[in-house]
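Notes follow once the structure below has been shown.
Quick note on labels: first sequence line is chain A, next is B, and so on, each numbered from 1. Not measured: the values here are computed from a predicted model.
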Number of protein chains: 2
Amino acid sequence: MEIRRQDIHNSDIPLVCRACEARHGGVCGALTSEQLSELNKHSFRNRLETGAEVIGQGETVVNYSNIMRGVVKLTKVMADGRQQIVGLQFAPDFLGRPFLEESAITAEAATESEVCNFPRHVLDRLVKRTPELEHKLHQQALKELDEARDWMLTLGRKTAQEKVASFLYLIATHIDPESVDRSAFELPLSRADIADFLGLTIETVSRQFTKLRKENVIRIENNRHVTVPDMDRLMRYAGND
Amino acid sequence: MEIRRQDIHNSDIPLVCRACEARHGGVCGALTSEQLSELNKHSFRNRLETGAEVIGQGETVVNYSNIMRGVVKLTKVMADGRQQIVGLQFAPDFLGRPFLEESAITAEAATESEVCNFPRHVLDRLVKRTPELEHKLHQQALKELDEARDWMLTLGRKTAQEKVASFLYLIATHIDPESVDRSAFELPLSRADIADFLGLTIETVSRQFTKLRKENVIRIENNRHVTVPDMDRLMRYAGND
DNA sequence: GCTTTCACTTGATCAAAATCAAATGGTGAC
DNA sequence: GTCACCATTTGATTTTGATCAAGTGAAAGC
């Protein structure tokens, strides 16, 4: 089902939206120029330091957001502090759980990021009047569901080595959607975050990195910069044949 | 956001739909009587034996379904046969992944079940014309996403005992939505399926059942019938404080 | 009635990852 | 330059759950 690109004059579009990448890839692409103007009146952008919280588990949702730049992690915590990252969102993803007052997860910036926020009630009103917008949000939810289920297989059935390789493969294919060369990238997560994403400890993550490095599956510089000489080989290590 | 119940005369509704529970709880509730009649022309019901496959991983999706009765498990398999259940669907859930040709998962009956099937292209056409229907499907996708993320925490961070307790709690609260007394129920899954749902082996699942039984958290008869004397206690064993 | 089969349980041993502990290496403050 | 701090790595040991193997019990077939 192809979506017809709306023929809108750039001059009708709010200034800040014109150069926005999320406008075409993200949910704003479903809006007419008037709707965009309306939404823009209530929206504001902000920069997030690494670790800055967008919304906390159990808190009342005030805003939805579009990620303009950076990586946002979605986490769940248990009462005793055990933590699991249940999703990673990359620009230009929509951030938020429509139709619920209270957030079941914490969202926080994994890297220095920039987001564009809209009040929940404004977007909710817009969704009711704009089937195309609901369709976009529906597609986003389905994409996240597919990703969550893929990751459930990783969490439930893969070995530590396969998990770490799966993580590297995920980052390689998601960090920079435009880039042709996916063989070199910066890890957006610390070892502790990676452990929380994979259901492992930081020690095990570190050991598996060392092992993959010694087997020449990856090269690592400065802890964060990774090079993958053979992506298919990494994929095999990840158990995705 | 409350959805106005459509004021439809029963006489306009297809005979088979009149007594259908999924009509109000499920996606059909979003349809007018004409739309329901239209959809009904192309739909058919069938009974599924335990283990019967609704759709296989990698196959082309021909039908969507509503679960009328029973429990359907959604699984993913790796090339070497390792398997993970990534979702359990209970009546009257909608079954299917809108907008994708190829299924990323296998869906099969965990118990003897009954489903109502509609051809994909018929429902897809209806979705485009019926925002209310897309809204229902969107809500269903979001519900499944919430459940998937809850389960990711279970898979990634809980101990074997907490996992088994979490499974029992999940079944207790989902198997019979109408029932007030949730303290006695039949397990819809074999030990092997439970292991695949929890990312464990059958031996570990069995041992944890024995342990929970010895600690009087549950009682078990005939392997499948479970009684929970204290649901809050089970919840604590599941790590959900 | 007896055997076969299948699901489940129980026991013994093993291995993978967690835990506990210490070392390394880089960065920023002074 | 030195110190303090933090993230990461590496090493030793322990624990949890997997694996291998044998048993039990109930239902189905002959």
Using 30° and 60° as the class boundaries, would you call the ring planes of A:Phe99 and B:His138 parallel, tilted or perpendicular? perpendicular

Can you list everything that forms a salt bridge (charged side-chain N to carboxylate O under 4.0 Å, His left out) with [X]? Sequence neighbours excluded, please.
X: A:Arg47; value: A:Glu49, A:Glu112
X: A:Arg233; value: none
X: A:Glu215; value: none
X: B:Glu162; value: A:Arg82

Please determine if A:Asp93 and A:Lys143 form a salt bridge, counting it only when a charged side-chain N lies under 4.0 Å from a carboxylate O. yes

Span of DNA chain D engaged by chain A, first through last nucleotide within the 4.0 Å heavy-atom cut-off, is D:dT8 to D:dA12

Divergence of helical axes at both termini of the helix from C:dG1-D:dC30 to C:dC30-D:dG1 - five pairs an end, 10° steps: 30°

Please collect all side chain to side chain donor-acceptor pair (under 3.5 Å) contacts where either partner lies in residues 95-110 of chain B, sequence neighbours excluded, each pair once. A:Asp146-B:Arg97, B:Glu101-B:Arg120

Pairs flagged by ring-ring contact (aromatic ring centres under 6.0 Å, His included) wherever residues 203-227 of chain A is involved - sequence neighbours left out: none

Indicate yes or no for a side-chain donor-acceptor contact from A:Asn222 to the backbone of A:Arg224 under 3.5 Å, with no hydrogens or angles considered. no

With distance as the sole test, does B:Lys163 use its side chain to make a donor-acceptor pair with the main-chain N or O of B:Leu198 at under 3.5 Å? yes

Taking atom CG of B:Leu189 and atom OG1 of B:Thr50, what is their separation to the nearest 0.5 Å? 10.0 Å

Residues passing the side-chain hydrogen bond (donor to acceptor under 3.5 Å, both in side chains) test with B:Lys211, sequence neighbours excluded, are none

Rounded to whole angstroms, how far apart are CG on B:Asp193 and P on C:dC8? 9 Å

Here the distance between atom C1' of C:dC8 and atom CG of B:Leu187, to the nearest Å, is 13 Å

Sugar-phosphate means primed atoms, P, OP1 and OP2; the rest is base. With that split, encode nucleotides 15-22 of chain C 5' to 3' as B, S or - using protein heavy atoms under 4.0 Å. --SSBB--

Near DNA chain D, which residues from residues 214-226 of chain B have a heavy atom under 4.0 Å away? none

Donor-acceptor contacts, no H, no angles, side chain residues 55-67 of chain B, under 3.5 Å, sequence neighbours left out:
from	atom 1	to	atom 2	distance (Å)
B:Gln57	OE1	B:Val77	N	3.0
B:Glu59	OE1	B:Gly56	N	3.2
B:Tyr64	OH	B:Asp124	OD1	3.0
B:Ser65	OG	B:Asn117	OD1	2.8

